[in-house]
K.L.:
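What follows is a single structure, and I will ask about it in a moment.
In what follows, every chain begins at residue 1, and chains take the letters A, B, ... in the order their sequences are listed.
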Protein chains: 2
Amino acid sequence: MGKGERTRKDIIDKAFLLAGDIGLEGLSLGALASEAGLSKSGLFAHFKSKEALQLAVIDDIGERVSEIIIRPALAEPRGEPRVRAFFERYIEWIANGRPGGGCIYMALCHEYDDRPGAVRDKLVAGQLEFSATLERLVRAAMDEGHFRADLDPRAFVFEFLGIEMAYQHRSKFLRLPEAHDYARAAFNGLIARSRVPTSPSSTE
Amino acid sequence: MGKGERTRKDIIDKAFLLAGDIGLEGLSLGALASEAGLSKSGLFAHFKSKEALQLAVIDDIGERVSEIIIRPALAEPRGEPRVRAFFERYIEWIANGRPGGGCIYMALCHEYDDRPGAVRDKLVAGQLEFSATLERLVRAAMDEGHFRADLDPRAFVFEFLGIEMAYQHRSKFLRLPEAHDYARAAFNGLIARSRVPTSPSSTE
DNA sequence: TGATTAAAAGCGACCGGTCGTGCTATTAAT
DNA sequence: ATTAATAGCACGACCGGTCGCTTTTAATCA
């Protein structure tokens with residue numbers, strides 16, 4: 001029984017890596033089976049359909065995100081350090097590529113832009129929850145006086161994710177090495193704009 | 001002959017729309033053929049392979065981008081209006097979805113993150129050229145004193161594309177209606193930071 | 001301890017379907 | 001009659017998924 005659970009986890013791990021390369025939909029069960037060291041029919045003993053496997057992979061991604069990004073960030077002091085740790089963990093996840101990272105929600109979405117279904121719903125839910133977590137961090141930093149009170153946390157999240165997306169796209173697809181520096185600089189600018197202003201009176 | 005050229009353009013138009021929905025790789029020649037009103041084998045009279053068709057579609061996207069985004073932007077006065085027109089046209093392209101827009105490079109890239117080939121190369125080239133055009137606009141605005149001299153044009157382009165990506169992702173996939181406003185606000189912030197400072201001495 | 005047995009897991013073969021891609025016959029215009 | 005273009009069709013490869021059989025595993029009982 002324990003052995004079986006181990007196999008199931010192995011399959012999800014391999015599927016996680018493959019999905020990072022070719023997406024959740026393009027993932028071939030035959031390729032996954034041979035990668036995980038069993039036959040295609042053996043897969044169906046663990047997952048009753050491709051969709052069930054995809055949903056399991058999305059669950060797994062959520063757990064990885066919690067473990068690798070969210071939990072370590074929450075271990076940091078409240079306010080800017082916590083938001084910054086969130087950024088650092090996130091950028092590191094993207095930069096690592098694989099193993100252990102490399103596939104995050106965003107790369108998997110475009111396949112489902114116009115394709116409704118349980119997989120799409122779960123992807124959307126996962127990302128909304130992720131955004132909400134970051135938004136909560138920012139809101140807490142505002143409440144405790146680390147960020148300016150007139151900041152819009154959702155706008156912050158919007159810009160944050162834009163930076164991460166541009167970083168992922170320009171480093172992984174366009175292979176521009178300077179993307180890393182620009183991402184960090186853009187994030188620093190975002191933080192600077194979000195901090196309470198040091199000079200007391202600056203009216204535009 | 002003229003008739004043939006017309007048919008070829010029709011096929012590319014349909015392929016452009018289909019690729020916007022399901023990507024360049026997921027595009028099915030059978031679906032495309034029936035959509036364009038000919039048989040699957042009829043396609044091969046116009047394009048000798050799927051790859052040739054994909055390359056033609058990418059060329060077509062480049063022409064559309066020139067026509068719909070770049071050319072109108074260049075008609076605006078130099079400096080901020082030109083950069084702003086670039087942004088407005090781009091955001092409009094994304095918002096339109098279809099017909100006539102909706103498919104832009106970014107949504108097509110993830111399929112080729114780890115798949116080398118002529119299609120990937122052409123996609124990369126198209127995007128680098130697109131980025132270079134925007135970078136040239138920003139650089140000109142700097143040279144003519146509209147933007148601050150210590151601005152990094154590539155960093156500007158990085159943030160610009162990040163905003164557009166976040167907008168596309170959050171409006172088309174997550175269906176968040178506020179994405180439009182946040183994109184515009186983020187762009188205004190980017191412009192404000194890029195302008196020459198009105199208050200003469202601000203060291204920080 | 002060693003034999004029995006039932007269940008769990010894995011395997012190869014195979015199904016219907018779709019894919020990209022060539023070949024061939026038919027059509028239609030010159 | 002010639003020729004260019006098209007439709008129909010067959011092909012091999014691959015897809016997600018099913019089925020029946022064999023092997024391994026682990027608990028049971030003598």
K.L.:
Would you say B/H46 reaches D/dA5's phosphate, i.e. side-chain N/O to OP1/OP2 under 4.0 Å?
P.N.:
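B/H46 to D/dA5 OP1/OP2: no side-chain N or O under 4.0 Å.
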K.L.:
Between the side chains of A/Y112 and A/E25, does any donor sit under 3.5 Å from an acceptor?
P.N.:
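Checked: A/Y112/A/E25 side chains pair up, N/O donor to acceptor below 3.5 Å.
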K.L.:
Looking at every heavy atom in both A/A95 and A/Y167, which two are closest together, and how far apart are they?
P.N.:
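That would be CB-OH, 3.3 Å.
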K.L.:
Is there a side-chain polar atom (N or O) of A/S39 under 4.0 Å from OP1 or OP2 of C/dG10?
P.N.:
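Looking at the OP1 and OP2 atoms of C/dG10, neither is under 4.0 Å from any side-chain N or O of A/S39.
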K.L.:
B/K50 and B/Q54: side-chain contact (heavy atoms from CB on, under 4.5 Å), yes or no, with the steps?
P.N.:
CA-CA 6 Å; B/K50 184 179 189 177; B/Q54 292 170 321; 4.0 Å; yes
K.L.:
Between A/L38 (CG) and C/dA9 (C1'), how many Å, whole number?
P.N.:
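The distance from CG of A/L38 to C1' of C/dA9 comes to 9 Å, rounded to the nearest Å.
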K.L.:
Check the distance between D/dC15's C1' and A/E25's CD and give it to me in whole angstrom.
P.N.:
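After rounding, the gap between these two atoms is 12 Å.
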K.L.:
For A/K122 and A/D59: C-alpha separation, side-chain torsions, deciding distance, then whether salt bridge (charged side-chain N to carboxylate O under 4.0 Å, His left out) applies.
P.N.:
CA-CA 8 Å; A/K122 204 176 191 70; A/D59 275 331; 3.4 Å; yes
K.L.:
To the nearest angstrom, how far is A/L43 atom CG from C/dG12 atom C1'?
P.N.:
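It is 14 Å, rounded to the nearest whole Å.
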K.L.:
N/O contacts under 3.5 Å, protein versus nucleotides 17-19 of chain D?
P.N.:
| unit_1 | atom_1 | unit_2 | atom_2 | d |
| --- | --- | --- | --- | --- |
| D/dG17 | OP2 | A/K50 | N | 2.7 |
| D/dG17 | O6 | A/K40 | NZ | 3.1 |

K.L.:
Hey, is A/E135 close enough to A/R139 for a salt bridge, meaning N to O under 4.0 Å?
P.N.:
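Salt bridge: yes.
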K.L.:
Taking only heavy atoms on the protein side, list every residue of residues 30-37 of chain B lying under 4.0 Å from any atom of DNA chain C, sorted numerically.
P.N.:
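Of all residues in residues 30-37 of chain B, the ones placing a heavy atom under 4.0 Å from DNA chain C are B/G30.
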K.L.:
According to ring pair (Phe, Tyr, Trp, His ring centres under 6.0 Å), who are the partners of A/F147, at least two apart in sequence or on a separate chain?
P.N.:
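In terms of ring pair (Phe, Tyr, Trp, His ring centres under 6.0 Å), with neighbours along the sequence ignored, A/F147 is linked to A/F156.
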K.L.:
Grab the CZ-P distance between B/F47 and D/dT6 for me, whole Å please.
P.N.:
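About 12 Å, once rounded to whole Å.
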K.L.:
Applying side-chain contact (heavy atoms from CB on, under 4.5 Å) to A/F47 and A/R8, what does each step give before you reach the verdict?
P.N.:
CA-CA 9 Å; A/F47 305 93; A/R8 184 187 157 96; 3.5 Å; yes
K.L.:
Picking from A/Q168, A/H169, A/R170, what satisfies side chain to side chain contact (heavy atoms under 4.5 Å, CB included) with A/K172?
P.N.:
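Result for side chain to side chain contact (heavy atoms under 4.5 Å, CB included) with A/K172: A/Q168.
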